[in-house]
Amino acid sequence: MDNRKCAQEIYELVGKRENLVSAAHCATRLRLVTNDNSKVDMKKLEEVEGVKGVFSSNGQLQIIIGTGVVNKVYDEFLSISGMTAATKADVKAAAAAKQPLPFRMIKALGDVFVPILPAIVAAGLMMGLLEGMTKIWPDMANSGTYQIFHLFSNAAFVFLPILIAVSAARVFGGNIFLGAVIGMIMVHTDLVNAWSVAGMLENGEKIPQAVVWFGLYKINLTGYQGHVIPVIIAVWFMCLLEKKLHEKVPEMIDLFVTPLVTVLVTGYLTLTIFGPVFSTLEEWILIAVQWIIKIPYGLGAAVAGAIYPLTVVAGVHHMYNTVEARMLSTGKNTWMPIASSANFAQGAACFAVALKTKNQKFKNLALPSSLSAFLGITEPAIFGVNLRLVKPLICGMIGGACGAAVGAMLGIGATAYGVTGLFGFLTCADFIWQYAIMLAVSFAVSFTLSWFLHHDKTEEDGEAAEEAPAAPEITCESGKVYAPIKGNVIPSAQIPDETFAAGVLGEGIGIEPEEGVVYAPFDGEISSTTDTKHAVGISSPDGMELLIHVGVNTVAMEGDGFELFCAEGDKVKAGQKLITFDIDKIKAAGYSTTTAVLVTNSDDYAGLEIKEGACEPLDCVITLRTDEPAEEAKTEEAKTEEA
């Protein structure tokens, strides 16, 4: 096959460079993300020499080429298109772009807030330390040192719109300095400080107003200190306008016209429309959240504490930063106790697993993950342990609900956001003992439930993959494939993947694994591996080519839960360990663990005989048939010579 010709035809049929977002490949497929799949000629793609099938899945155009060849076609494709190999970040970004609008909006919020969290955390911790020190030394509040450090701790909150504007401009692809100008406009000293408005109204003072939009209505000339949504909306519009102007304005005057028009138009719309409208919407959201938290007996907070870990799993928990930032501008952050209870409870559930498990590898994973959660970083505990085992996740949700209810009834509030767990004591200086009670309740409930409900699943299902017993030594016979995995053998037609089931990549079997280790199925040479470690190709001395693909669509796990013990070109012996994989992690990610074992050049043989049912490593599971007795297989020339 001409790999470059194949890549060239694919490139043209997918709409060329202007329709391509990213390009990657797995063990068998070229995976492309396109701007518009309707511009792809699917029918002609299937007719390209070397292409064995085409379909669209999960926002990706998947072109099936086959093991050992797809990487060569991919290299040629990159050369022709001028694209670079997609990184993990590129793939995630491209996939995110295909998500529904609400998910993209929540992701954008997270992208805006994550970079500025260190500034907010530093300011919040400093504020908590100052409050704690003034309780010990009351006279300190009147000192010049206190005034200086109070200025430091308050700066990030006073100028929060500027921080948000710069970060938002980076996320939306605009000029970050123009974004900063929009943020500055919203907190300009010519506007009445937003935190001074309430005092002015109490004293009967009038808030300055301006008549706008040709006398249609008036607006209050107040700043937007502490506001979040209006800033993000304003900068999002600014970035759209700036990009359009760059496209339309001649290059000769672009440097002058684009910044001027961008700031003038965006600034005016911000103070007259975006600010008034979206600040009102923000107030409604804040009122709704505070109402939920204040539901009697902490019931609303309990519900929020229970579902908080699920939003972490979904990756949308950064949306709470909007609520917390607004809460801080009006007083104290009462959402923080809910998040802290939920995080601490997940750590407690994970800690119970760490103490109870007898599997040393799992203990080594669970213990540091739980300690991380106690300090406010829960992803290792949730994704590494609790979600995989399910029961600890549920126990943590119950513990988080109980702790959040207690925190709401005790009226706990924080002086920052982005800080939970044990560090939360620093931002809850006015509620030290209440905060301690809340964490204790979260820990006790979650730990106790997890201790009694969790059973050492890793021990029941066998030790970790690398601790699995070694496969027996055998003498390989030509034309035979020995089981690479312990499990249950099924026909390849029953594999839950249309490509494998249809035999596009060759005939073979599927194995439903009982242990997470893949052994070499015969003596041979590794012909291909994948960066995501989930698949390997192996060739036998007599020309048989085999693909072992662990799970279905597990390429999306990007190597998480997999470990590879071989490299392309390695000579291997039957029974040699090639891959280990985490069965629970694959299931938790929502993928089938059924492993495809396919003879990719099965067309070279008359047929395959397979042995279904339970198998141990290196049981014979596939026998290749040639259906040519030795006498008949001789060539006419050989028969003549013999005569």
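These numbers come from the heavy atoms of this one structure, side chains and all, not from hydrogens, waters or symmetry mates.
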- [ ] Could you tell me whether a side-chain N or O of S167 sits under 3.5 Å from a main-chain N or O of L163, the two making a donor and an acceptor?
- [x] no
- [ ] Indicate yes or no for a side-chain donor-acceptor contact from K356 to the backbone of S450 under 3.5 Å, with no hydrogens or angles considered.
- [x] no
- [ ] Could you check whether the rings of F351 and F443 sit parallel, tilted or perpendicular, using 30° and 60° as the cut-offs?
- [x] tilted
Open item on the list: For Y268, I'd like to know if atom OH has over 12 heavy atoms of other residues, nucleotides or ligands within 6.0 Å.
Closed with: yes
- [ ] Give a yes or no on this: more than 12 heavy atoms of other residues, nucleotides or ligands lie within 6.0 Å of atom CZ of F149.
- [x] no
Open item on the list: Would you say that more than 12 heavy atoms from the other residues, nucleotides or ligands in this model lie under 6.0 Å from the CG of D531, or not?
Closed with: no
- [ ] Say whether Y435 and S340, considering side chains only, have a donor N or O and an acceptor N or O under 3.5 Å apart.
- [x] yes
- [ ] Check whether any side-chain N or O of Q434 sits under 3.5 Å from a backbone N or O of G407 as a donor-acceptor pair, and report yes or no.
- [x] no
Open item on the list: I need the C239 SG to R170 CZ distance, nearest 0.5 Å.
Closed with: 11.0 Å
Open item on the list: Once you measure the plane-to-plane angle for F278 and F274, does it fall in the parallel (<30°), tilted (30-60°) or perpendicular (>60°) bin?
Closed with: tilted
Task: Minimum heavy-atom distance between P309 and A306, given as atom pair plus value - done: CD-O, 3.3 Å
TODO: Rounded to the nearest 0.5 Å, what's the gap from CD1 on I293 to CD1 on I412? Could you check?
DONE: 12.0 Å
- [ ] Please report the shortest heavy-atom distance between I295 and G300, naming the atom on each side.
- [x] CB-N, 3.7 Å
- [ ] Verify the neighbour count for atom CZ of F423: are there more than 12 heavy atoms of other residues, nucleotides or ligands below 6.0 Å?
- [x] no
